Amino acid sequence: MSMETTLQNALQQAFKELFNLEVTEVELQPTRKEFEGSHTFVMFSFLKAVRKRPDELGQMLGDYLTQNTNVVSGYNVANKGFLNISIADKVWIDTFGNLAQNNEYGKLPHKNQKVMVEYSSPNTNKPLHLGHLRNNFLGYSVAQILEAAGYDVVKANLVNDRGVHICKSMLAYQKFGEGETPESSGIKGDHLIGKYYVEFDKQMKKQVTPIIAKIAKNEFSLFTDEEVTNIRNYQNKIAKINEEIRNEQAKLPALKGQLLASFDADFQELFTNWEASLTYSSDFKKYIDNQSFTKKQQPLIKLIRRIIKLYNSIAKEDGNIKQIANNKTPLMNEVVEMLQKWEAKDPETVALWQKMNGWVYEGFDATYKAIGVDFDQMYYESETYLLGKDIIKDGLDKDLFYTKPDGSVWAKLPKEVSDNDKILLRSNGTSVYMTQDLGTADKKYEDHAISKSIYVIGNEQDYHCKVLFQILKDLDRPYADGLYHLSYGMVDLPTGKMKSREGTVIDADDLLEEVKETARKRTDDLGKLDGMSDAEKIEIYRIIALGALKYTLLRVDPKKRMLFDKESSVDFQGDAGPFVQMNYVRTRSILRKAAEMGISTNEPWAVSDLHVMEKELIKLLLQYEAVVEEAGYEYNPSFVAQYAYDLARTYSQFFAECPILKMDDGSAASIERRKFRIALSTKTGELIKKALGLLGIEVPERM
RNA sequence: GGUUCCAUAGCUCAACUGGAUAGAGCAACUGCCUUCUAAGCAGUAGGUUGAUGGUUCGAGUCCAUCUGGAAUCACCA
């Protein structure tokens, strides 16, 4: 029985014997550092029931624990309600003794449940970027954690290898590629395809300009009636916004005259530039966001913000119009044609598609290998996009779906989920993304009989997943209750959101190379790898670089959006991957040195008291399984990252304060202490390695 | 406009689900390498948890309103 359950049971017993009170749940929390003790029982909620003052109840419970258990060595009552309990050193030592011999520690009992983690799920029209890295690291880590928590895990990847976006790259390649290949160009396959995707966008922009000009002149001959109404709607919105802008701008001169002088020179310059052009200015906006202002200055700031926001809204509406115009370009027509050919299995189109996808897969495989993630099951949308049509019939039979007069099929959705029903079959009989996902969900279950299915998808698809899960639930799918959307936040850059069109995307391959280079420089500066072969060194740079990168992306709560600054985010110091790795390396170094000195590293010890840092270490070591369980339950690797860091930091303090090998002063006690500390180091190293392993981070033997 | 999420130290993030004096790292400043790896250790400084009310023994956490930010709401994928 663990210390914790011993205490909990004893406390329940105490309430029963002393007050005849049945207490169902006793929660203990770690004692804060500034107080004596390790476990704290919060008594507030029980004070009324037993009609005691905190110090009285504390004393009664404390005495009871001391007398009726053999683990408690003392207690104190603090801040009128906190009972801090101290555990005897001997108990800590014995518990660690058991732990040290348990090689299975950290592997939780088998749960006999199969769970699928779908992650990565890339498009085959451009290379992986920073956002994908967060996804991949998260998915892989969650899979490792669930496995440690006792599940059977299937790692799945659903590749989006068909559709309009793929045809864009294909068409551009066909037109401008001149037979270029990854071999002939020396460009990695996925990057080569990405190049043509960008090229398509460029060419289409050229074609769309005259169409936009026509719209501006109210020439609508190209468009259907419906499109014209939509465009008119957008134009009306823009007109309204413009009017608002005029209203707001009218207030500008007065405020400016009153307040501008109170701002610093930088601001005044930016303001003047902005006022002269009066458009959306991301520079100015960023400056304002990062600056603090006095209460007096706020009115002007608020007005500026308002105007900038309005310009931003115009840009959005403009984008909508552009979207419609895009579809009228000759290039887009060709794309649609190509997609139809592909769906009709036209040999030439399919051959091109296969060739280009092949290049992308080679590229992806290289990246996956480089970042250390893998999959047990690949799904391809080209094979799954027709799935889900059987479900339509099922839904119609169950009266969950209905058909509109034009032939389109819709799913009814409850008000809590969505105000609108969801279309599943277009009036022309083709299916949409949702239909396909429904079918794929069935397929996953048929293939693997999974009881849980985790979708690692960005939070911009919250709505999509909510609707998907609701429909599956309504359809009474047996796996419906096990569906979970692991919704993670976007990765922001200091310059704002990543946008491929503005060239602000951080490419995964490039980033990895840069981090490796940083790792190389730092490592070489420290000079600890002198005398190793180049191959050995490169391997260590790789491990450190990936450790740094994965740790920065995983230490943050997945649900939250996070900021990634290339210059400063990938830390090597402090709360960072390499710091944790370094402490593993220290434990290994201790063992190596011990062997050199001819000291056996695997012997029983006899110590009877503990140094503070020894006790802190043992406390942490005992928490590992609970952390795995919790991280698995919440699908949250950041708990593991936090734990790994705590363990490393505690070891680092222990390492600085407590001599290990130098312990020996010839006395028997010192030799026992040395054996004990070596065992502590060994176990700590083991658990650091395991914890980092759950994050997909490797450890070097030296660094 | 509707819905959902977010706001904590100069910066990046925590806070065991309502508990004690809100904690780490980075950046700044002070010490510590002739002894087990200094990518380190010890210390100083840094906070009206966006604002205002409320709920109670107790609120960063729950509720209401406001301010600011993000995502989403397609016969796109």
Side-chain angles (χ1 to χ4, degrees), chain A residues 27 29-35 40 42 44-45 47-48 54 78-82 84 123 160 162-166 289-290 292 298 302 305 309 323 381 385 404 406 408 410 416-420 422-428 430-434 436 458-464 466 487 489-490 492 497 519 522-523 525-526 528 544 548 552 555-557 559-565 568-569 571-583 585-586 588-590 592-594 597 626-627 630 638-639 642 645-646 649 652-653 655-663 677 681 702-703:
Chain A
E27 283 209 31
Q29 46 185 277
T31 305
R32 294 183 72 107
K33 282 214 179 82
E34 52 278 30
F35 296 98
T40 292
V42 183
F44 291 104
S45 47
L47 293 175
K48 249 183 207 159
N79 293 349
K80 300 187 174 158
F82 297 91
N84 299 322
N123 289 345
N160 186 345
R162 65 163 284 280
V164 183
H165 50 292
I166 312 295
D289 286 346
N290 291 328
S292 46
Q298 286 304 334
K302 228 172 142 177
R305 276 214 162 103
K309 203 173 169 181
Q323 191 93 33
E381 288 200 8
Y385 82 105
K404 279 194 182 174
D406 63 4
S408 55
W410 298 71
E416 318 83 82
V417 174
S418 173
D419 292 333
N420 308 318
K422 180 76 201 175
I423 188 159
L424 295 177
L425 272 191
R426 299 187 184 103
S427 48
N428 66 10
T430 55
S431 56
V432 297
Y433 191 43
M434 182 62 74
Q436 180 185 145
N459 63 10
E460 77 272 19
Q461 297 210 39
D462 282 355
Y463 176 74
H464 176 82
K466 204 166 140 193
S487 162
M490 297 291 100
D492 282 327
K497 217 183 147 181
R522 284 175 168 268
T523 311
D525 282 351
L526 294 173
K528 289 178 195 164
I544 295 173
T552 37
R555 64 180 269 252
V556 182
D557 183 341
K559 289 187 285 297
K560 294 193 178 166
R561 52 190 304 132
M562 65 177 293
L563 191 111
F564 186 92
D565 185 350
S568 64
S569 278
D571 286 331
F572 286 73
Q573 282 169 6
D575 187 359
F579 171 78
V580 183
Q581 288 170 321
M582 181 202 66
N583 280 289
V585 166
R586 282 171 160 175
R588 303 301 292 167
S589 176
I590 290 288
R592 261 197 318 273
K593 287 267 157 61
M597 293 161 68
V627 170
E630 180 70 8
S638 74
F639 295 163
Q642 184 64 46
Y645 175 64
D646 281 344
R649 195 167 47 120
S652 191
Q653 289 166 345
F655 188 84
E657 277 185 45
C658 301
I660 302 169
L661 299 176
K662 291 174 302 188
M663 197 55 215
R677 287 182 176 169
S681 294
R702 293 168 196 268
M703 65 186 280

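Just so we're clear, the structure is a prediction, and the values are computed from it rather than from any experiment. Scope of the values below: all heavy atoms of this structure, side chains included, with no hydrogens, waters or symmetry mates. Lettering follows sequence order; numbering is per chain, from 1.
The glycosidic torsion of B:rC33 lies within 90° of 0, which places this base in the syn conformation. In this structure, B:rU72 is classed as anti because its glycosidic torsion departs from zero by more than 90°.
The aromatic ring of A:F579 does not sit over the base of B:rA39, since the test of centres under 5.5 Å and planes under 30° is not met. Lacking a ring centre under 5.5 Å from that of the base six-membered ring together with a plane angle below 30°, A:F82 does not count as stacked on B:rG19.
Of all nucleotides listed (B:rU72, B:rA39, B:rG19), B:rA39 comes nearest to the side chain of A:P578. Across B:rA70, B:rG40, B:rA77, the shortest atom-to-atom separation from the side chain of A:R586 is found for B:rG40.
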Would you tabulate the pairs of protein nitrogen or oxygen atoms and nucleotide nitrogen or oxygen atoms of nucleotides 22-27 of chain B closer than 3.5 angstrom?
residue : atom : partner : partner atom : Å
B:rG23  : OP1  : A:R32   : NH2          : 3.0
B:rA24  : O2'  : A:Y645  : OH           : 3.2
B:rG25  : O2'  : A:D575  : N            : 3.3

Polar pairs (N or O, both sides) under 3.5 Å between protein and nucleotides 57-59 of chain B?
none

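Going from the C1' atom of B:rC66 to that of B:rA24 covers 33 Å, rounded to whole Å. Using atom C1' as the reference point in both B:rA42 and B:rC33, the two lie 14 Å apart (nearest Å). Between B:rG50 and B:rA45, the distance separating the two P atoms is 24 Å to the nearest Å. Nucleotides B:rU17 and B:rC62 are separated by 13 Å at their P atoms, to the nearest Å. Nucleotides B:rC16 and B:rU61 are separated by 12 Å at their P atoms, to the nearest Å. Distance noted for atom P between B:rU49 and B:rU8: 12 Å (whole Å). Atom name P, nucleotides B:rG2 and B:rU21: the rounded distance is 41 Å, in whole Å. Taking atom P in both B:rU56 and B:rU67, one finds a spacing of 28 Å when rounded to whole Å.
Every stem involving RNA chain B, taken as at least 3 paired positions in a row under the Watson-Crick or G-U wobble test at 3.5 Å, is listed here: B:1-7 with B:67-73, B:10-13 with B:23-26, B:28-32 with B:40-44, B:50-54 with B:62-66.
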>> The test is side chain to side chain donor-acceptor pair (under 3.5 Å); show your working for A:D406 and A:S408 and say whether it passes.
In response: CA-CA 6 Å; A:D406 63 4; A:S408 55; 2.7 Å; yes
> Can A:R32 and A:T40 be said to form a side chain to side chain donor-acceptor pair (under 3.5 Å), step by step?
Replying inline: CA-CA 8 Å; A:R32 294 183 72 107; A:T40 292; over 6 Å; no
>> The test is side chain to side chain donor-acceptor pair (under 3.5 Å); show your working for A:S638 and A:D557 and say whether it passes.
In response: CA-CA 6 Å; A:S638 74; A:D557 183 341; 5.3 Å; no
> Given A:Y463 and A:S418, is the side chain to side chain donor-acceptor pair (under 3.5 Å) satisfied, shown in steps?
Replying inline: CA-CA 9 Å; A:Y463 176 74; A:S418 173; 2.8 Å; yes
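A:S652 has a side-chain polar atom (N or O) that falls below the 4.0 Å cut-off from OP1 or OP2 of B:rC41. The phosphate of B:rC36 (OP1 or OP2) has no side-chain N or O of A:R677 nearer than 4.0 angstrom. Residue A:K560 places at least one side-chain N or O under 4.0 Å from the OP1 or OP2 atom of B:rA14. A:Q461 has no side-chain polar atom (N or O) that falls below the 4.0 Å cut-off from OP1 or OP2 of B:rA71.
The CD1 atom of A:I660 lies 9.5 Å from the CZ atom of A:R586; values are rounded to the nearest 0.5 Å.
Under the 6.0 Å distance and 45° angle rule, A:K422 does not count as a cation-pi partner of A:W410. At least one test fails for A:R555 against the ring of A:Y645: distance under 6.0 Å to the centre or angle within 45° of the axis.
The distance from atom NZ of A:K559 to atom C1' of B:rA7 is 17 Å, rounded to the nearest whole Å. One interatomic measurement links the two molecules: CD of A:E657 to C1' of B:rG43, which rounds to 13 Å at whole-angstrom precision. When the P atom of B:rU35 is taken as reference, atom CD1 of A:I590 falls 14 Å away, rounded to whole Å.
Taking only distance into account, the side chain of A:S589 never meets the base of B:rC36 through a donor-acceptor pair shorter than 3.5 Å. Below the 3.5 angstrom threshold, one finds no donor paired with an acceptor across the side chain of A:S638 and the base of B:rA14. Put simply, the side chain of A:D525 and the base of B:rA39 share no donor and acceptor less than 3.5 Å apart.
Among the protein residues, A:F572 comes within range of the nucleic acid bases, having at least one heavy atom under 4.0 Å from a base atom.
With contacts defined as side-chain heavy-atom distances shorter than 4.5 Å, the pair A:V42/A:E27 does not qualify.
Taking the charged nitrogens against the carboxylate oxygens, A:R649 and A:D646 do have a contact shorter than 4.0 Å, which makes a salt bridge.
Each of A:V585 and A:S569 was matched to the nucleotide of RNA chain B holding its nearest heavy atom; the match closer to the 5' end belongs to A:S569.
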